[in-house]
**Student:** 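Please see the structure below; I have some questions.
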Amino acid sequence: MTEVREVSLRPIYDSRGALTVEAAVTTAGAALGCAGAPSGASTGTHEVRAWPEGGVPAALQTFRESVRPRLLGREVEDATGWDEALHAIDGTPNFAHLGGNVATALSVAAALARAKERGVEPWSLWARPGVDGRRFPAIVGNCMNGGRHAIGGPEFQEFHAISLAERPEDSVRAAVAVHHAIGKALQGKFPTLALGRGDEGGWVAPITNLEGLEILSAACAQVRDSLHLPVQPGLDLAASEFFRDGRYRYRDRSLDAAGQVAYLTELVDRFGLVYLEDPFAEEEFASFAEFTQAVGSKTVVVGDDLYTTDPIRLARGLTERASNAILIKVNQIGTISDALATVDAARAAGWKTVTSHRSGDLPDGWLAQLAVATGAYGLKCGILGGERVAKLNELLRLGALPT
Ligand code: 2PG
Ligand code: MG
């Protein structure tokens with residue numbers, strides 16, 4: 001029995017300079033767990049409310065007045081009880097009173113304090129049945145940014161290196177090498193242009209979707225040849241962002257649902273895409289299902305805005321066979337316990353899970369722990385930039401632990 005002696009919340013800034021919060025939980029045994037809440041730009045409609053009315057200042061006030069007093073003295077070992085208390089204190093179905101980001105920071109901070117108290121790695125507290133901590137996820141590494149994460153880039157939001165080597169030291173090396181190779185390719189293509197990087201640390205350049213795919217697949221091929229490591233191209237389209245009045249609106253074309261299915265099926269074959277996230281808008285379960293039927297045997301089809309880590313939306317996806325994988329973002333649903341319940345439902349159906357950062361994130365490593373704990377297919381955390389590399393470095397640390 002170890003009780004929570006102190007719990008605090010303070011304002012901090014995320015990688016985009018947006019105000020967010022960091023929670024700190026201290027146990028009676030002086031174990032301290034700290035976690036900040038990340039935040040999205042291309043958020044799904046069905047995510048829990050990130051902040052209450054009044055934003056971060058209101059969230060801090062609510063915490064001081066009505067949350068902290070009800071958390072002090074709780075048993076830190078009772079993970080489920082802690083997360084249930086957050087729901088009970090909030091009293092709404094979507095964390096509208098506390099803010100889902102406050103709940104996320106408090107849920108993760110308590111888990112990290114629990115791990116410290118026990119002297120174990122956090123993954124072992126979150127481990128799903130059959131997970132032993134020695135299987136590591138692929139890196140789903142953002143190399144080029146577009147959409148809402150980059151001004152002047154392509155419509156597709158994220159161009160990924162899917163780095164599939166078994167050992168983190170290999171998968172991270174290959175992902176970083178693809179990022180570097182893309183930088184060189186872009187410098188060659190635009191010798192006089194000042195190139196930039198987007199919200200998730202991927203390159204931004206004035207290129208089309210197809211040019212982006214050509215550069216990405218060439219960089220992956222180059223790294224496969226030089227390092228002899230498995231790395232393949234993938235995409236997060238975040239298609240809700242360019243879906244209006246029933247059509248996917250690109251600069252050079254406008255496609256209905258059937259057109260989008262045909263277009264993406266062709267891209268999968270042409271570029272050997274092994275990963276496609278949110279290829280359709282967030283309510284388009286039928287299009288997802290049609291596409292998964294067509295390419296699901298060779299490609300990981302992932303729902304992000306489609307599911308928002310919500311077990312009810314996942315259940316619909318399972319019934320309709322809308323995809324074969326789900327993205328897991330803790331702050332889409334609010335607590336670690338809720339996220340793990342969704343992971344369990346996906347795993348029970350044989351679906352893959354991908355543990356994901358947000359476009360506004362923090363230099364914390366716990367996401368890598370969660371990916372390992374849940375036997376995730378992928379850790380989606382970007383590649384370069386302090387808040388991205390922090391997660392890769394945590395994975396490297398876990399990979400280097402003695403067996
Ligand atoms: C996504 C995420 C992270 P955001 O769409 O998958 O890459 O972006 O955090 O802006 O929702
Ligand atoms: Mg996404």
Side-chain angles (χ1 to χ4, degrees), residues 14-18 20 36-51 100-101 104 137-151 153-162 175 179 197-204 234-243 264 273 275-284 288 300-310 313-314 317 322-323 325-334 339 352-362 364 367 370-371 376-385 387-389 391-392:
D14 72 13
S15 56
R16 264 196 293 250
T20 183
S39 73
S42 63
T43 47
T45 307
H46 301 281
E47 298 188 21
V48 296
R49 281 276 303 275
W51 304 110
N101 279 3
T104 296
I139 309 294
V140 177
N142 192 343
C143 299
M144 270 186 295
N145 295 179
R148 286 283 279 265
H149 296 170
I151 298 160
E155 289 100 340
F156 292 166
Q157 181 175 280
E158 299 164 19
F159 294 73
H160 288 283
I162 313 298
H179 197 292
R197 301 231 308 257
D199 285 3
E200 296 186 353
W203 293 102
V204 179
L235 288 174
D236 176 2
L237 280 79
S240 294
E241 301 294 333
F242 53 89
F243 183 70
L264 297 181
L273 302 174
Y275 178 102
L276 261 97
E277 181 180 322
D278 280 356
F280 304 93
E282 63 192 344
E283 303 299 345
E284 304 302 301
F288 263 90
V300 183
V301 181
V302 190
D304 169 14
D305 292 350
L306 181 72
Y307 301 128
T308 57
T309 317
D310 178 347
R313 291 186 67 84
L314 171 63
S323 64
I326 178 173
L327 206 75
I328 301 293
K329 290 169 168 166
V330 177
N331 77 331
Q332 282 184 330
I333 190 74
K352 294 180 166 63
T353 64
V354 178
T355 312
S356 175
H357 66 169
R358 301 302 310 239
S359 48
D361 216 293
L362 296 155
D364 294 341
L367 199 75
L370 188 62
Y377 162 83
L379 169 62
K380 186 187 180 200
C381 65
I383 301 176
L384 297 192
E387 73 285 2
R388 314 293 156 188
V389 87
K391 292 148 185 71
L392 295 181

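Atoms within a ligand are numbered from 1 in the order they appear, just like the ligands themselves.
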**Student:** Looking only at distances, can you tell me whether any N or O atom of Ser39, backbone or side chain, sits closer than 3.5 Å to an N or O atom of ligand 1?
**Tutor:**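 No; the residue has no nitrogen or oxygen that sits under 3.5 Å from a nitrogen or oxygen of the ligand.
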**Student:** Regarding atom 2 (C) of ligand 1: of the candidates Arg148, Lys329, Arg358, which has the closest heavy atom?
**Tutor:**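 That would be Lys329.
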**Student:** For the Mg ion (ligand 2), which N, O or S atom of Glu277 is at the shortest distance?
**Tutor:**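 Atom name returned: OE2.
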**Student:** What distance do Leu367 atom CG and His357 atom NE2 have between them, rounded to the nearest 0.5 Å?
**Tutor:**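 Between Leu367 CG and His357 NE2, I get 8.5 Å after rounding to 0.5 Å.
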**Student:** The Mg ion (ligand 2) and Asp278: any N/O/S contact shorter than 2.8 Å?
**Tutor:**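 Of the N, O and S atoms in Asp278, none lies under 2.8 Å from the Mg ion (ligand 2), which means no.
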**Student:** Does any N or O atom in Asp304 lie less than 3.5 angstrom from one in ligand 1, N or O only?
**Tutor:**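 Checking ligand 1 against Asp304, an N or O pair does fall under 3.5 Å apart.
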**Student:** Nearest protein heavy-atom contact for atom 3 (C) of ligand 1: which residue, which atom, what distance?
**Tutor:**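 Checking every protein heavy atom, the shortest distance to atom 3 (C) of ligand 1 gives Glu200 OE2, 3.1 Å.
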**Student:** Near Gln157, which atoms of ligand 1 are under 4.0 Å from a heavy atom of that residue?
**Tutor:**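 So the atoms of ligand 1 that pass are 1 (C), 5 (O), 8 (O).
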**Student:** Any side-chain heavy atom of Gln332 sitting closer than 4.5 Å to one from Asp310?
**Tutor:**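 Heavy-atom side-chain distance check fails, nothing below 4.5 Å.
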**Student:** N/O/S atom of Glu158 under 2.8 Å from the Mg ion (ligand 2), yes or no?
**Tutor:**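 Looking at Glu158, which is the residue asked about, there is no N, O or S atom under 2.8 Å from the Mg ion (ligand 2).
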**Student:** Give me the residue, atom name and distance of the protein heavy atom closest to atom 6 (O) of ligand 1.
**Tutor:**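 Its nearest protein heavy-atom neighbour is Lys380 NZ, 2.7 Å.
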**Student:** Out of all atoms in ligand 1, which are within 4.0 Å of some heavy atom of Gly40? Include the element for each.
**Tutor:**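 Reading through ligand 1 atom by atom, the close ones are 4 (P), 9 (O), 10 (O), 11 (O).
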**Student:** For the Mg ion (ligand 2), give me the closest N/O/S atom belonging to Asp304, just the atom name.
**Tutor:**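 Distance check against the Mg ion (ligand 2) picks out OD2 in Asp304.
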**Student:** If I consider every N, O or S atom in Asp236, which one ends up closest to the Mg ion (ligand 2)? I only need its name.
**Tutor:**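 Closest N, O or S atom of Asp236 to the Mg ion (ligand 2): OD2.
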**Student:** With respect to the Mg ion (ligand 2), please indicate if Asp305 possesses an N, O or S atom at a distance under 2.8 Å.
**Tutor:**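 Not a single backbone or side-chain N, O or S atom of Asp305 is under 2.8 Å from the Mg ion (ligand 2).
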**Student:** Check this for me - ligand 1, Ala41, N or O atoms closer than 3.5 angstrom, yes or no?
**Tutor:**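 The answer is yes, given that Ala41 and ligand 1 share an N or O pair closer than 3.5 Å.
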**Student:** Would you check if Pro38 and Asn331 make a side-chain contact, meaning some heavy-atom pair closer than 4.5 Å?
**Tutor:**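 Yes; the side chains approach each other to less than 4.5 Å.
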**Student:** Give a yes-or-no answer on whether the side chains of Arg16 and Ser359 include a donor-acceptor pair shorter than 3.5 Å.
**Tutor:**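 Result is yes, a qualifying pair exists.
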